[in-house]
Amino acid sequence: MPLITPARPQIDFLLRTTKPFHSKKAAQDFFRLVDAYGPNYRPFKYGNYEPMKQIFNDKKEDEIILSWFEGADLSQEELESRPCNAQLMMKGRPPGKIGYFIGWHNWANSVLFNMISVNISKPFLKKDGGNMAQFVHFCDDLVRLFPPVHAEIYDYTSSIPCTNTKSAFIPDRLDIRCPALKWRTYFGPPYIKMLGRDTILNAPCWKTEEVGDSIVLQLTETVFEEIPPQLREAVVEYFEASVSPEQRPGPGKGFIFRPFDASEPYNRKEKLVPEFPIREFFGKRLDEAEILKHFMP
């Protein structure tokens, strides 16, 4: 039986990208976007780890941007010439209770994408349709600013089955297979190339649209309604049927998308995954030997 994670009344957004975060400009662009969306999106406290103790004050821009690099005052040349990594956490006040997590590195293996995670109070969004529309626009702008390989908006309120079983552990890893289809899924260029632009745009769901370099698949009109299992299954079957027999890694279902409540063992050779532009991570001055050391699985 799968483990169950505790429910939280929030709506989450998760963006995974190979675009570099190890620059002052990336941090400035992020904070300017947050500021443009007003008080409900501005953090109150921030820090690199829990508990967050530093008060967010946009008058201290240099200090806040430095926190993007975990306080390490490195030159751009240093950031480009050696492996670095950092994380930043922020949280806001009611009623939105916005939360942020940014994790990045300028080296990677095929799993650890640069990441932006945002969560916001579900009651706050549900109270006013304008609040939900604004949150979707905010996520869309993050997608335009940091083009992802994959991103998603989903309701975290429902308890989520964990994939830890006696026989297998199926993490949410893009190098193994695409995560389960969520309410609003953003497919970046690697998935568009693998699945086909027209295939995604014609998926049997409530709507599809283009946002920046991504194509969005939205299963239902609103995130607040339960997604029928039959709908999710129909979309998965649609995509799997679009793949030619020559491309299929193995027989049977589940070779592209992870089932929502997956707990069965898997074999990497039986999954179809995109080719990711993984070398975008690396600093320009890292030599080939250093890249390969971190890139090799």
Side-chain angles (χ1 to χ4, degrees), residues 8-21 23 25-46 52 56-58 61 64-65 67-68 87-104 113-157 179 181-188 205-225 227:
R8 295 201 298 262
Q10 65 187 43
I11 303 298
D12 282 22
F13 169 72
L14 178 59
L15 178 152
R16 301 175 180 89
T17 183
T18 55
K19 299 301 180 183
F21 282 10
S23 72
K25 183 180 185 306
Q28 289 174 328
D29 288 345
F30 175 82
F31 288 120
R32 284 169 185 164
L33 178 62
V34 168
D35 184 67
Y37 271 81
N40 289 319
Y41 287 79
R42 291 177 193 141
F44 169 58
K45 289 187 177 181
Y46 71 99
M52 291 171 268
F56 191 92
N57 184 336
D58 55 13
E61 179 178 303
I64 293 169
I65 289 177
S67 66
W68 184 276
Q87 66 178 36
L88 174 62
M89 307 170 73
M90 300 179 288
K91 63 181 180 181
R93 290 172 162 170
K97 299 180 181 179
I98 195 85
Y100 298 96
F101 178 87
I102 295 97
W104 68 266
F113 296 88
N114 288 341
M115 180 177 71
I116 297 175
S117 176
V118 186
N119 59 74
I120 193 167
S121 166
K122 181 178 178 180
F124 168 71
L125 296 183
K126 199 171 185 179
K127 184 179 180 180
D128 185 333
N131 290 344
M132 185 64 211
Q134 185 183 43
F135 181 66
V136 171
H137 290 155
F138 176 67
C139 297
D140 285 355
D141 279 344
L142 282 173
V143 165
R144 294 183 183 99
L145 188 60
F146 299 106
V149 297
H150 185 275
E152 55 198 1
I153 302 175
Y154 57 99
D155 184 351
Y156 199 95
T157 305
L181 289 172
K182 303 293 179 63
W183 173 67
R184 187 171 166 89
T185 301
Y186 299 76
F187 294 106
C205 60
W206 187 73
K207 77 170 181 177
T208 61
E209 61 181 326
E210 298 190 58
V211 175
D213 293 332
S214 299
I215 299 178
V216 181
L217 184 154
Q218 187 171 314
L219 290 178
T220 58
E221 182 176 5
T222 171
V223 72
F224 306 119
E225 62 182 295
I227 299 172

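Not measured: the values here are computed from a predicted model. Counting begins at 1 with the first residue of the sequence.
The side chain to side chain donor-acceptor pair (under 3.5 Å) test with Trp183 singles out one residue from Asp12, Thr222, Thr220, and that residue is Thr220.
Residues Phe13 and Ala151 approach most closely at CE1-CB, 4.0 Å, considering heavy atoms. Closest heavy-atom contact between Thr208 and Leu217: CG2-CA, 4.2 Å. Heavy-atom minimum distance, Glu221 versus Glu225: N-OE2, 3.5 Å. Between Lys122 and Asp155, the shortest heavy-atom distance links the atoms NZ-OD2, 2.8 Å. Minimum heavy-atom separation, Gln28 to Glu61: NE2-OE2, 3.9 Å. Of all heavy-atom pairs between Leu219 and Lys182, the closest is CD1-O, 3.3 Å.
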Checklist entry - ring-ring contact (aromatic ring centres under 6.0 Å, His included) between Phe56 and Phe44: does it pass, once the steps are laid out? => result CA-CA 5 Å; Phe56 191 92; Phe44 169 58; 9.8 Å; no
Checklist entry - Going through the checks in order, is the side-chain contact (heavy atoms from CB on, under 4.5 Å) test met by Arg93 and Asn40? => result CA-CA 8 Å; Arg93 290 172 162 170; Asn40 289 319; over 6 Å; no
Item to check | Phe21 and Phe30: CA distance, side-chain angles, deciding distance, ring-ring contact (aromatic ring centres under 6.0 Å, His included) verdict | outcome: CA-CA 10 Å; Phe21 282 10; Phe30 175 82; 8.4 Å; no
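Ring orientation note: the planes of Phe31 and Trp68 are nearly perpendicular, at an angle over 60° on the 30°/60° scale.
Contact of the Tyr41 side chain with the Leu33 side chain is not registered, since no non-hydrogen atoms from C-beta on lie closer than 4.5 Å. Contact check for Leu125 versus Ile120: side-chain heavy atoms found under the 4.5 Å cut-off.
A distance of 10.0 Å separates CE of Met132 from NE2 of His137, quoted to the nearest 0.5 Å.
At least one donor-acceptor pair closer than 3.5 Å links the side chain of Asn131 to the backbone N or O of Phe124. Although no hydrogens or angles enter the test, the distance criterion places no donor-acceptor pair under 3.5 Å between the side chain of Trp104 and the main chain of Pro20.
Looking at Asp35 and Arg32, no side-chain N of the basic residue comes within less than 4.0 Å of a carboxylate O on the acidic one, giving no salt bridge. Electrostatic pairing of Asp213 and Lys19 does not count as a salt bridge here, judged by no charged N lying under 4.0 Å from a carboxylate O.
Judged purely by distance below 3.5 Å, without hydrogens or angles, the side chains of Asn119 and Tyr100 never pair a donor atom with an acceptor atom. A donor-acceptor contact closer than 3.5 angstrom links the side chains of Asp140 and Tyr186.
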